Amino acid sequence: MMPNTDTGTENAARMIDIRGLDLSFGQGARSVQVLRDVSFSVAQGESFGLVGESGSGKTTVLRCLAGLLTHWRGELSIGGRALGRTLDFDRCRLVQMVFQDPYGSLHPRQTVARALREPLIIHRKDRREQRIDEVLVKVGLNPGFRDRFPHQLSGGQRQRVAIARALILEPRVLLLDEPTSALDVSVQAEILNLLADLRVRDGLTYLMVTHDLSVVAHLCDRLAVMQSGEIVETLDTRTLAQGTPRHDYTRMLVEASLSYSRDMATAA
Ligand SMILES: Nc1ncnc2c1ncn2[C@@H]1O[C@H](COP(=O)(O)OP(=O)(O)O)[C@@H](O)[C@H]1O
Ligand SMILES: [Mg+2]
């Protein structure tokens, strides 16, 4: 038996479970291992942060879970169901990803309604137009946004549409990849509050990548720190607030985020 070092979710239902995830890019001598033995789990309804320096492998973990990368090794499961290496219909209904840059995730020549309708058609959902109106209201917009194109939206509105698109199939898990880092500071808090509300309202489970520990403190119950493709520390957000993380890298992040929070406070 492997010792269970991840006690945080022992008694709760595991929504996301990652065991010994390995992934390399490239072939033969040029092969680079990007994830090494990544293991953690996220309880049903929990919000879990994944932090670490740029290039440490955070997005890659999300892409494996979302089925956008399929050549990983290890064990992945969502909602108690082991994930295969193909992207199936069931997974789309269970887990959706929100990307850092809403410009990249929305087609420039598609209206909001069309972007939201597409997954409904693919998944043969009924009441399409009604669902589109409902999800727009849910993300703090309204049906008046249906005919807008992405360039006719503000950055915050664009990210709301991207979140609406992720939610329209009513998934249970959202994979959030730096969902506010492309936004103006003034809009970031608005989107974070929306995400916090949606999680409670819909009983969602979040796995959220960020390089900003103030975002983690605001939105996450626990977090894992990644460095060079490995998890170096898993901790409670409370531990973070008390300033007692063990790993040097985590302490550095805490320092950086505290000064960032001070800047935010001065800017507000
Ligand atoms: N498709 C790819 N092909 C080759 N290398 C990649 C690819 N995607 C990511 N990488 C590399 O994997 C590492 C981790 O990337 P990523 O998961 O995007 O990091 P993070 O999100 O933590 O910034 C980086 O070194 C990156 O250059
Ligand atoms: Mg990334």
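Because the structure is a prediction, the values reported are computed rather than measured. Both counts, for ligands and for their atoms, begin at 1 and track the order of listing.
Distance check for Gln100 against the Mg ion (ligand 2): none of its N/O/S atoms falls below 2.8 Å.
Checked by atom type, the side-chain pair Arg172/Gln44 shows a donor-acceptor distance below 3.5 Å.
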Could you tell me, for ligand 1, which of its N or O atoms are under 3.5 Å from any protein N or O, listing the pairs and their distances rounded to 0.1 Å?
from: ligand 1; atom 1: 17 (O); to: Thr59; atom 2: N; distance (Å): 3.4
from: ligand 1; atom 1: 17 (O); to: Thr60; atom 2: N; distance (Å): 2.9
from: ligand 1; atom 1: 17 (O); to: Thr60; atom 2: OG1; distance (Å): 2.5
from: ligand 1; atom 1: 19 (O); to: Gly57; atom 2: N; distance (Å): 3.3
from: ligand 1; atom 1: 21 (O); to: Thr59; atom 2: N; distance (Å): 2.9
from: ligand 1; atom 1: 21 (O); to: Thr59; atom 2: OG1; distance (Å): 2.8
from: ligand 1; atom 1: 22 (O); to: Ser56; atom 2: N; distance (Å): 3.2
from: ligand 1; atom 1: 22 (O); to: Ser56; atom 2: OG; distance (Å): 3.4
from: ligand 1; atom 1: 22 (O); to: Gly57; atom 2: N; distance (Å): 3.0
from: ligand 1; atom 1: 22 (O); to: Lys58; atom 2: N; distance (Å): 2.9
from: ligand 1; atom 1: 22 (O); to: Lys58; atom 2: NZ; distance (Å): 2.8
from: ligand 1; atom 1: 23 (O); to: Gly55; atom 2: N; distance (Å): 2.7

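Checked against Lys138 for a salt bridge (charged side-chain N to carboxylate O under 4.0 Å, His left out), the options Asp197, Asp133, Asp202 give a single hit: Asp202. Results of the side chain to side chain contact (heavy atoms under 4.5 Å, CB included) test with Leu35 over Asp22, Ile18, Thr60, Leu69 single out Thr60 as the only residue that passes.
Between Leu21 and Arg73, the closest side-chain pair of non-hydrogen atoms is not below 4.5 Å.
Taking the ring centroids of Phe48 and Tyr206, they lie at or beyond the 6.0 Å cut-off.
Taking a cutoff of 4.0 Å between a charged side-chain nitrogen and a carboxylate oxygen, Asp221 and Arg199 qualify as a salt bridge.
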